[in-house]
*Asks:* 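Let me begin by handing over the structure; questions about it come next.
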Amino acid sequence: MATAWFGMLGPMDVRVAGRPLALHGPRQERTLAALLLDADRVVTVDQLVDVVWEEPPASARRQIQDLVTRLRRTLADAGAAPGLITTQRAGYLLRPGERGLDARTFESLTAAARQSARADPAGAVAGYREALSLWRGPFLAGVRGRAFEGAARIWQERRLAAVEECLALELSLGRHHEVTAEALALVEQHPYRESLVELLMRALHGAGRLSDALDAYRALRRRLADELGLDPGAGLRRLHDTLLRSQTVLAAPASGHVAAMLPPGVYGFAGRAAELARLDALLAAAGEQPAAVVVAAVTGTAGVGKTALAVHWAHRVRDRFPDGQLYVNLRGFDQSGRPMTPVEAMRVFGDALGAPANRVPATPEAWTGLYRSLLAGRRMLIVLDNARDAEQVRPLLPGAPGCLVLVTSRDQLPGLVAAEGAHPLRLDPLSVPEARELLARRLGGERVAAEPGATAEIIDRCARLPLALAVIAARAATHPGFPLAAIAGELPAVHAVHPGQDGDLDASLDAFDADGPGTQVRLVFSWSHQGLSGAAGRLFRLLGLHPGPDLSLPAAAGLAGLPVARARPLLGELCRAHLLSQHVPGRYSFHDLLRAHAVELVQELTPEAERRAATRRLLDHYLHTARTAATLLNPHRDPPPATPYEEPPPDAGAAFEESAGGALDWFAAECAVLVAAVARAAALGFDTHAWQLAWTLADFLDRRGMRHEHLAVQTTALAAARRGGDRLGQACVHGNLGWASTAIDRFEDARTHFRLALDLYGELGDPTGQARVHGNLSTMYSRQGRHQDGLDHATQALTLYRAAGHLTGQARALNAAGWFHAQLGDQEQALDHCRQALDLHRRLGDVLGQANACDSLGYACHRLARHEEAASWYGRAVELFRAAGDRYHQADTLTRLGDTLHAAALPDAAADTWRQALTLLDDLAHPSAAQVRSRLAG
């Protein structure tokens with residue numbers, strides 16, 4: 001295969017075997033650019049949609065698939081390796097290889113140059129020049145979009161940093177005249193970049209042009225004053241004064257003064273081995289970039305232990321910073337609501353660093369200059385705790401290398417990561433073993449080991465959050481005679497929040513409050529909530545109404561009554577504040593204590609009428625989307641019942657790709673949410689929503705073999721339909737309960753439900769409903785081996801469907817009758833009925849119906865020992881089930897195909913076919929896998 005090469009350092013350039021490759025339009029160009037920006041990392045379909053369109057169409061996800069498919073084909077047709085772009089579960093992954101991407105080559109060359117700068121400056125200059133020669137123009141020139149604009153700024157900064165490092169090395173080699181010419185041109189392009197002006201001044205001075213060096217400073221000072229109202233930075237002013245008077249402005253601090261500002265470490269600190277190792281690795285690698293200031297950003301939700309980790313690690317490594325350690329709480333999310341200003345923080349640091357008391361700068365910029373001058377040449381650890389945002393941190397970063405900065409924040413600090421190259425370290429709740437270790441260190445290992453069940457319950461109800469665990473451990477420590485089971489019993493099971501009798505949600509954080517504002521879980525959470533914008537705060541509160549373990553972007557939009565485009569940035573704000581996490585692409589969740597906090601807030605701050613309206617919007621969204629998905633999953637299912645809303649919810653069609661596969665994936669992702677939504681709807685009196693949501697779930701739960709869940713959902717739905725006096729609802733649910741009971745062999749219960757459904761459909765004058773129940777009764781009798789009874793009900797179903805002119809029902813009843821004839825030994829009647837069913841299904845375009853008929857024909861032929869013909873019918877059924885996305889029935893037919901091959905004395909082929917079935921059933925976690933596994937064992 002030919003080698004593919006991608007160019008981003010300039011206009012987009014793609015070459016295969018050295019020959020340029022044309023792309024098909026700007027959308028494909030943006031798609032490829034997005035994959036290259038995250039080369040060797042999975043790029044989700046949602047990310048690609050956001051990049052390709054500012055306002056995505058409803059078919060955006062399908063179009064992304066088409067764009068990637070065509071891009072693959074274009075590369076493959078040119079001779080590139082077929083595995084260059086691979087499909088992952090969450091999206092797509094492009095692997096350009098070590099030398100297949102110019103941006104990667106640039107980074108590799110500049111890293112090598114920095115590594116060799118001290119030992120071989122001339123060789124490092126050559127490496128920098130080779131790296132810079134890769135640039136053909138502005139980064140991704142001509143590729144439009146917000147994502148690319150931000151990337152272009154970052155890469156422009158990387159390029160300029162490499163240029164400056166190269167020029168500084170050349171100055172050290174005495175190449176003043178060469179550097180002067182290049183620096184003059186660069187300052188012309190970037191007139192406000194002080195680091196370039198400094199290089200120019202040093203080059204001019206080294207070339208004997210002191211007057212020109214001072215003129216360069218004065219020109220910059222005029223530009224800054226006229227255009228921005230600013231003065232040059234302290235470093236540049238110091239250089240100017242050095243050149244002018246050969247002396248520095250600032251006196252050195254007192255000899256031997258070492259700052260040691262770290263607070264005490266947290267008693268009982270436990271776990272975090274992986275995070276501590278990452279910080280250790282960052283410190284060890286700091287020498288690889290001697291010209292850079294190393295910044296680590298520890299982020300996470302309130303109470304997750306960010307400060308504890310930062311202080312613990314700082315104490316571990318403080319001997320590596322002989323010039324001292326600085327610490328300040330920036331109060332970014334403080335109860336007072338007033339964060340510390342950077343100048344206030346620099347005053348604290350200035351005192352610790354021994355700044356002259358009579359030198360008080362007049363402006364924030366002057367303070368930054370003084371602060372950075374005091375740090376120059378020192379090796380210090382600086383801990384900036386509880387930062388509000390990147391703007392609060394930026395002035396507190398040293399101006400010269402040698403120091404390491406450790407920032408903690410509830411915000412993700414994306415600006416600090418992008419512009420200053422901060423290394424992000426997200427802190428999640430403790431693992432269960434880590435949480436157990438924390439409790440053991442605070443309460444004693446024997447006490448914890450003596451009550452493992454109670455310990456596990458405390459960990460679960462504290463959501464593995466260090467702050468909550470510390471509060472409960474303190475309570476247990478002050479009552480050493482109390483069993484841990486008693487302590488655990490006081491804690492609310494916040495992950496199972498249920499509506500009370502008045503419809504309100506029961507949740508309380510009272511048990512997690514201790515003395516002092518920093519140890520009151522509710523109060524600590526509230527500081528994050530107070531820092532949100534009004535719209536994001538409203539959405540966070542409304543999320544307390546959501547019943548499930550997680551939710552999607554369209555569901556959040558429905559809950560808030562907002563378009564998806566408006567809801568997306570609000571979810572982003574909640575994620576940046578660590579009040580939510582996007583645990584898989586496109587799905588959001590929060591830990592149980594934050595859920596309880598949202599429940600409390602929505603009960604306290606949102607009027608009951610608004611809460612009910614939001615809940616209805618959410619249920620409308622799920623019902624509308626689930627109805628669409630259920631119809632796609634089984635297009636020839638009888639029409640869904642009338643909905644309790646007149647208009648479909650806005651943006652309802654954006655939840656998934658509208659295909660059988662997309663519907664199945666959506667149900668798999670939303671199943672737990674939908675089951676919870678049925679219970680929530682019933683508890684709050686949304687009775688029609690409750691039984692209709694249960695109706696949408698029936699096919700999916702049956703296919704997945706989730707038999708007990710199916711029975712529980714339909715039982716809840718029946719109570720709701722009865723309470724609302726909805727006879728159609730009761731008939732539908734009784735039918736579904738009969739089916740669910742049949743699946744777990746509770747035949748008496750099933751017969752009762754089917755009889756009740758028949759009576760209700762009769763009262764409603766609905767022969768189609770009655771026919772459907774007779775069909776279900778035939779299936780029940782089939783499972784009992786009562787094939788004549790099954791044939792009788794299949795025949796009654798056929799008669800009713802014919803009287804109603806219901807063609808799909810007729811086809812299914814014909815197939816069922818054929819199946820029973822086969823069971824009763826009348827294979828010719830079986831073949832006749834099933835062929836009629838197949839013909840009718842073909843006319844109707846019912847792929848699933850055709851698959852079932854082919855399966856029945858295969859069975860009849862198998863019973864006649866016509867094994868080759870049976871295998872052919874089974875093979876056609878498997879392909880049809882696969883085309884319909886029905887993996888369970890595909891596996892079911894593969895099992896029977898294996899039986900036929902085994903009967904035909906083809907044991908290897910039979911075993912291979914059974915293994916295919918077992919793979920599908922195991923993937924679905926279906927209980928039928930045990931039967932196939934026993935066949936293979938036999």
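If you read the sequence from its start, that first residue is 1, and numbering goes on from there.
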*Asks:* Answer yes or no: is there a side-chain heavy-atom contact under 4.5 Å between Leu67 and His24?
*Replies:*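 With C-beta onward as the side chain, the pair stays apart.
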*Asks:* Look at the side chain of Asp215 and the backbone N and O of Arg218, then say whether any donor-acceptor pair between them is shorter than 3.5 Å.
*Replies:*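 Pair absent, no side-chain N/O of Asp215 close to backbone of Arg218.
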*Asks:* Between Ile64 and Trp53, is there a side-chain heavy-atom distance shorter than 4.5 Å?
*Replies:*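 A side-chain contact under 4.5 Å exists here.
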*Asks:* In this structure, which one of Leu406, Val405, Val295 forms a side chain to side chain contact (heavy atoms under 4.5 Å, CB included) with Leu384?
*Replies:*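 Result for side chain to side chain contact (heavy atoms under 4.5 Å, CB included) with Leu384: Val405.
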*Asks:* Would you indicate whether the side-chain heavy atoms of Pro26 and Val143 approach each other to under 4.5 Å?
*Replies:*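 No, too far: nothing below the 4.5 Å cut-off.
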*Asks:* For residues 150-158, which side-chain N or O atoms pair as donor and acceptor with protein atoms under 3.5 Å away, sequence neighbours left out?
*Replies:*
from	atom 1	to	atom 2	distance (Å)
Glu157	OE1	Arg193	NH1	3.1
Glu157	OE2	Arg193	NH2	2.8

*Asks:* Does either side chain, that of Thr299 or that of Arg410, offer a donor lying less than 3.5 Å from an acceptor on the other one?
*Replies:*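 Absent: no donor and acceptor within the cut-off.
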*Asks:* Ignoring hydrogens and geometry, is there a side-chain-to-backbone donor-acceptor pair from Asp385 to Thr408 under 3.5 Å?
*Replies:*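 Side chain of Asp385 to backbone of Thr408, a donor-acceptor pair under 3.5 Å: no, none is there.
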*Asks:* For the pair Arg394 and Glu391, find out whether any cationic side-chain nitrogen is under 4.0 Å from an anionic carboxylate oxygen.
*Replies:*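 A salt bridge is present here (some side-chain N lies under 4.0 Å from a carboxylate O).
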*Asks:* Taking atom types as modelled, is there a side-chain donor on His315 or Arg318 under 3.5 Å from an acceptor on the other?
*Replies:*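 Present: a donor and an acceptor within the cut-off.
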*Asks:* Measure from NZ or CZ of Arg159 to the centre of the six-membered ring of Trp135, then state whether that distance is under 6.0 Å and the direction lies within 45° of the axis.
*Replies:*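 Here Arg159 passes the 6.0 Å and 45° test against Trp135.
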*Asks:* Can you confirm whether Leu326 sits close enough to Leu381 that some side-chain heavy atom of one is under 4.5 Å from a side-chain heavy atom of the other?
*Replies:*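 A side-chain contact under 4.5 Å is absent here.
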*Asks:* Hey, which of Glu170, Glu165, Glu178 is the one that makes salt bridge (charged side-chain N to carboxylate O under 4.0 Å, His left out) with Arg129?
*Replies:*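 Testing each of Glu170, Glu165, Glu178 against Arg129, the sole residue satisfying salt bridge (charged side-chain N to carboxylate O under 4.0 Å, His left out) is Glu170.
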*Asks:* Would you check if the side chain of Asp102 reaches a backbone N or O of Leu134 as a donor-acceptor pair within less than 3.5 Å?
*Replies:*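 Checked: no pair found.
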*Asks:* Using side chain to side chain contact (heavy atoms under 4.5 Å, CB included) as the criterion, point out the one residue from Val14, Val16, Asp13 that pairs with Trp5.
*Replies:*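 It is Asp13; the other options fail the test.
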*Asks:* About how many Å separate CD1 of Ile85 and CG of Leu93, when rounded to the nearest 0.5 Å?
*Replies:*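 Between atom CG of Leu93 and atom CD1 of Ile85 there are 9.5 Å.
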*Asks:* Side chains of Arg316 and Asp280: closer than 4.5 Å at any heavy-atom pair?
*Replies:*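 Yes; the side chains approach each other to less than 4.5 Å.
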*Asks:* Please examine the side chains of Tyr192 and Val197, heavy atoms only from C-beta on, and report whether any two atoms are closer than 4.5 Å.
*Replies:*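 No, every pair of side-chain atoms sits at 4.5 Å or beyond.
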*Asks:* So which heavy atom on Arg379 is nearest to which on Asp323, and how close?
*Replies:*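 Between these two residues, the closest heavy atoms are N-OD2, 2.6 Å.
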*Asks:* Is any side-chain heavy atom of Thr105 less than 4.5 Å from a side-chain heavy atom of Leu101?
*Replies:*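 Result no, sub-4.5 Å side-chain heavy-atom pair not found.
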